[in-house]
Amino acid sequence: MTGARAPGAHVVPDAASTAFEALAEPVRRWIWRQGWTALREVQEMAVPAILAGGDVILSARTAAGKTEAAFLPLLTRVLPRLDGGRPGFAILYVCPLKALINDQHRRLEGLLQACDVPLHRWHGDVPADAKRKARERPQGVVLITPESLEATLVRRGPDAARLFGALDAVVVDELHAFVGTERGRQLQSLLTRVEVACGRDHVDRVGLSATLGDMRLAREALRPGAPDSVRLVESREGGADLLLQVRGYERPPRNGTGSEAADARREGAPDADGPERAEPVKPAPDANGADEPIASHLFEVLRGRRNLLFAGSRQRVEVYADRLRALAEDARLPNEFFAHHGNLARAEREAVETRLREDGRPTTAVATTTLELGIDIGDVESVAQIGPGPSVSSLRQRLGRSGRRPGMPSVLRIYVAEEAAGPTLHPADRLRLDLVQAVATVDLLLERWCEPPRVGGLHLSTLTHQVLALVAQTGGLRPDAAWRTLCGRGPFRNVSRDLFVELLRAIARPEAALVEMSPDGLLMLGPAGERLAEGHQFYAVFQTDEEYRVMVVGGKVLGTVPLDLTLAPGQTIIFNGRRWRIESLDARAKVVVVAPTKSALPPRFGGGWSGVHDAVAAAMRRCLSGTGMPAYLDAGARALLDQGRAAFLGYGLDGTCIVEVGRDCTVLPWVGAAKLETLALTLLARNLQATPYGHAVEVRGCSAGDLRAVLTDIAGSPPPDAGALAGLAAKPVREKYDGYLTDALLARSLAVERLEADAVPDVARRILEPGA
DNA sequence: GACCTGCTGCGGTGTG
C-alpha cells in the first residue's frame, strides 16, 4: 500500500468562539448538555453566515457536523418569532432519501425538543395520520422528500400559502445529488412554486453538500439565475491520510475464435437461434463467476474487519457476496459478507446498515452505489472496489466512507482484471483500458479534480410534468403566467416563450391530450392529463420499470428482479448473496417464490455504459503515452500497464488515433462520451457504419485511408447540425414524459443534452494529428 | 460495460 495525501488538509479553527455566543439561549444549553468542548469548523463558519441571512452553501466532508451547522443558527433565527403563534412551518428541510429523513429525525429530535420547536417527518412511509396532524397545525420544522412536497402542492394547492407562508428558510441536504438531474430540476421548480404560491419574493435557501466539483454550478443549482448571491462556507477539516493500491490481474482467455468472442461480448448474450450460427458461442469461464484470485485476496484482507466493497453492478454484488460467504463457510467462520443494492428489500438492506453502524462484529457490505449516499453506517476500516469505477466524484464519495476517526487513514484497494494476451485479442483490449482508466481516475482524484455535473439541459420531460403539476395546483392558469413561474423565475431558464408555446402545442395534441385551453384562455388539464395527475405514480419525475417481487416460501420478501427477465420454475438464482431455486411464479401478482438450494446463477439486471468525462479520457492518453510508473500499482498492475503501453506504441497511437483491424477501423480519439457519441453520429450521417463502443468508435468496412479522407473533410467543414444528428439517434425517448412530445422537440432536447456538435471539427483534427 | 431515488386519499370493514 502506498501513502498519499487525500483531498482536504487540516485547518485549525479559532480557539475563541464568538459563534457560540451568538446562538440563542436554549440552543447553547443543548450544546452544553451534549458535552461538546468546541464547535466543529464548519459550525463556527456557518453560524455568522446563516445568522446574516441570504442563501448559503455549506460544504464539508461527511460526518463533519453539517446538519447542526445549519440548524443551530436557523433555530436561533426562528425562536424569537415562534411565540406569535402564526400558522405555517418555519423551516422546510428537503432531502433525496427517506432513510436520510429518518436518520436526521433521530439526530434533531433532542435539539428541537430542547428548543420546544415541533419536528415533523414527512414521506411515503410516515403514517397518513401524522401528516394530517402536521397539515392541520403547521409549525416548526418539517423534513420532507421532493415527491411528498410535490404531492402536497398538487393535492392541496389552496393550502400552500397557509402551510409555507411563514417559512424562514429552506434547507436542501445532499445538494450534489440533485445538481444536473431531472429530480434536481423538479426540486428547483418546487421551491419557486412555493415562493410564488405564498407571494414571497425570496425565502433563504441553505444547501448542504459533501462533494462539489464546481462551486459556481452548485450556487446556480441552489438559486437559479442568481449564483453570485449565494455565499459559500467551505470547511476542509478532517482530511485523512490515504493508503491506496491498484491491483492488476489477468484472467484466462475466452473460448471461441477471437472475433466471434468479441462480437458476442459487444452484442450482449449470444443469439442461439440465428441460422448462420450453428453453435452458440460458449460463455467465457468467468462469465457468471467471480475472478477467483480477486475473491481470495479480498477474503484475506477484508475478513475480521469492517469494510465496504463496491462491486460495480448488482450482478457482481451477488456474485462476490456469494463467493465470499462460501469462502467464510469453507474456513468454518461465521459469515460476515452481505449484499446491498437497490433491488434488495428495504428490511434486508437496513439489517446490513444497522450491523455496520451498531454491531461490533466484523462486517463487509458488498454494495453498488447505494452506500455512496449519506446514509449513516458509521466508520469503516477500508474500502475496496472492483473495476475502475464510474467516475472520479464517485471514487471520492467512496473514499469518504473510511478514515473518519482521528488518526485513522483512508484505505482504498482497486482490483482490475484484464483478459490474458493471446493472438485474437482486440486492440482496444490490448491497451488495458480498464487499468488505464483506474490510473487516470486515481490521478485526477489526487489532483483534487472532480467531474462537474452536466447542466444546461432543456429537461422537457420534467417541464411537461411541472406544467401539469402547476395546472393541478392552481386549478388552471394563463399560459404566460405558467411560463413566468416555471421559466422566467423558475429553473427552466433556457426555455424561451416560443419553445414553451411549442411544448404546450405538442402536449395539447389529441394524441397527447395532457392539456387544453378553456374558452376564457386558461390552461387546463386534458383527459389524459387528469388521469396522470390523479395517479399515485405522478409525483416522481424519474422513470422506473415494473419488477417481480422475490419471496421465500413462507412469505418473506427479499427484493425485486426485472420483469423482462426470463424466469421459470426449476431455474436457480443467486439473490441477497444466497442460492435459491424458483418454486413457483405468478405473472399476474408479479411474484417469484423461491427456496434455498445449493448451486445457482446470478440474475441479470438491466444497464448500459455511460462513458467517461473528457478529462478522464485525456488523462488515459497521458498515462499510456507516459513512462512513469505510479507508486500505488502492485506487480500485476505494473505488468498490465507495461503491456498497454507496448500496445499503444505498437499500434503507432502516439502518432495516430486510428487502428486498422482487417477491413474495419477502431478510432481512439481520447474524448469523453458526449463527443464520442457525436463523432459516431457524424460518421453515420456520412454513410459510414460507425458505432461507439467503450472508449472507441468502431467503423466497419472502411479502410484507414478512406476514413482519413472523410475526417479531413469533417475537420475543414462547419460543425454538423446537432438537430439533424439527433434525428439519427436510436433512442430519443429517454425520460418519463418524453413519450408525449413531438420528434422535433425530442431531437432538440437530445442535441442540447447529449451531443457536442460544435466540437466535431476539432475532434476530427485531433484524430488526424494527435500531437497538434 | 451502471447505478440510484419516490408516491395520495378515500371508502370499506373490523375492533374496543
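Values in this document were obtained by computation on a predicted structure and should not be read as measured data. Below, read A as the first sequence line, B as the second, and so on, with proteins coming before strands; counting in each chain starts at 1.
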Partner set under side chain to side chain contact (heavy atoms under 4.5 Å, CB included) for A/N576, not counting sequence neighbours
A/A339, A/L344, A/E348, A/L558

Mind checking what makes side chain to side chain contact (heavy atoms under 4.5 Å, CB included) contact with A/P692, not counting sequence neighbours?
A/E677, A/A680

A/R604 side chain N/O closer than 4.0 Å to the phosphate oxygens (OP1, OP2) of B/dA2?
no

Below 4.0 Å: OP1/OP2 of B/dA2 and any side-chain N or O of A/R314:
no

Quick check on B/dG6: is either OP1 or OP2 less than 4.0 Å from any side-chain nitrogen or oxygen of A/R346?
yes

I want to check one thing: is the phosphate of B/dT5, taken as OP1 and OP2, less than 4.0 Å away from some side-chain N or O of A/K98?
no

Under 4.0 Å from OP1 or OP2 of B/dC4: is there any side-chain N or O of A/T368 that close?
yes

By a 5.5 angstrom centroid cut-off and a 30 degree plane limit, is there stacking between A/F542 and B/dT5?
yes

Respond yes when some side-chain nitrogen or oxygen of A/R183 is under 4.0 Å from OP1 or OP2 of B/dC4, and no when none is.
no

Whichever of A/W122 and A/N343 has its nearest DNA chain B nucleotide further upstream toward 5'
A/N343

List for me each residue that meets side chain to side chain contact (heavy atoms under 4.5 Å, CB included) alongside A/A617, sequence neighbours excluded, and say none if there are none.
A/V612

So does A/S148 get a side-chain nitrogen or oxygen closer than 4.0 Å to the phosphate oxygens (OP1/OP2) of B/dT8?
yes

Can you check nucleotides 14-16 of chain B for protein contacts, nitrogen or oxygen pairs under 3.5 Å, and list what you find?
none

Spacing of A/L190 atom CG relative to B/dT5 atom P, expressed in whole Å
20 Å

Answer with yes or no whether A/S610 presents, from its side chain, a donor or acceptor under 3.5 Å of a partner atom in the base of B/dA2.
yes

From CD of A/E174 over to P of B/dT5, roughly how many Å is that when rounded to an integer?
13 Å

Whether over 12 other heavy atoms sit under 6.0 Å from A/Q537 CD
no

Can you tell whether the side chains of A/R314 and A/E318 come within less than 4.0 Å, N to carboxylate O?
no

Test of understanding: with ring pair (Phe, Tyr, Trp, His ring centres under 6.0 Å), list the residues that count as partners of A/H120, not counting sequence neighbours.
A/F89

Whichever of A/T145 and A/D434 has the more 5' nearest nucleotide on DNA chain B, that residue is A/D434

Counterpart residues, side chain to side chain contact (heavy atoms under 4.5 Å, CB included), relative to A/T192 (two or more places apart)
A/V196, A/R205, A/R489, A/P491

Atom CD of A/Q437 and atom C1' of B/dG1: how far apart are they, to the nearest Å?
10 Å

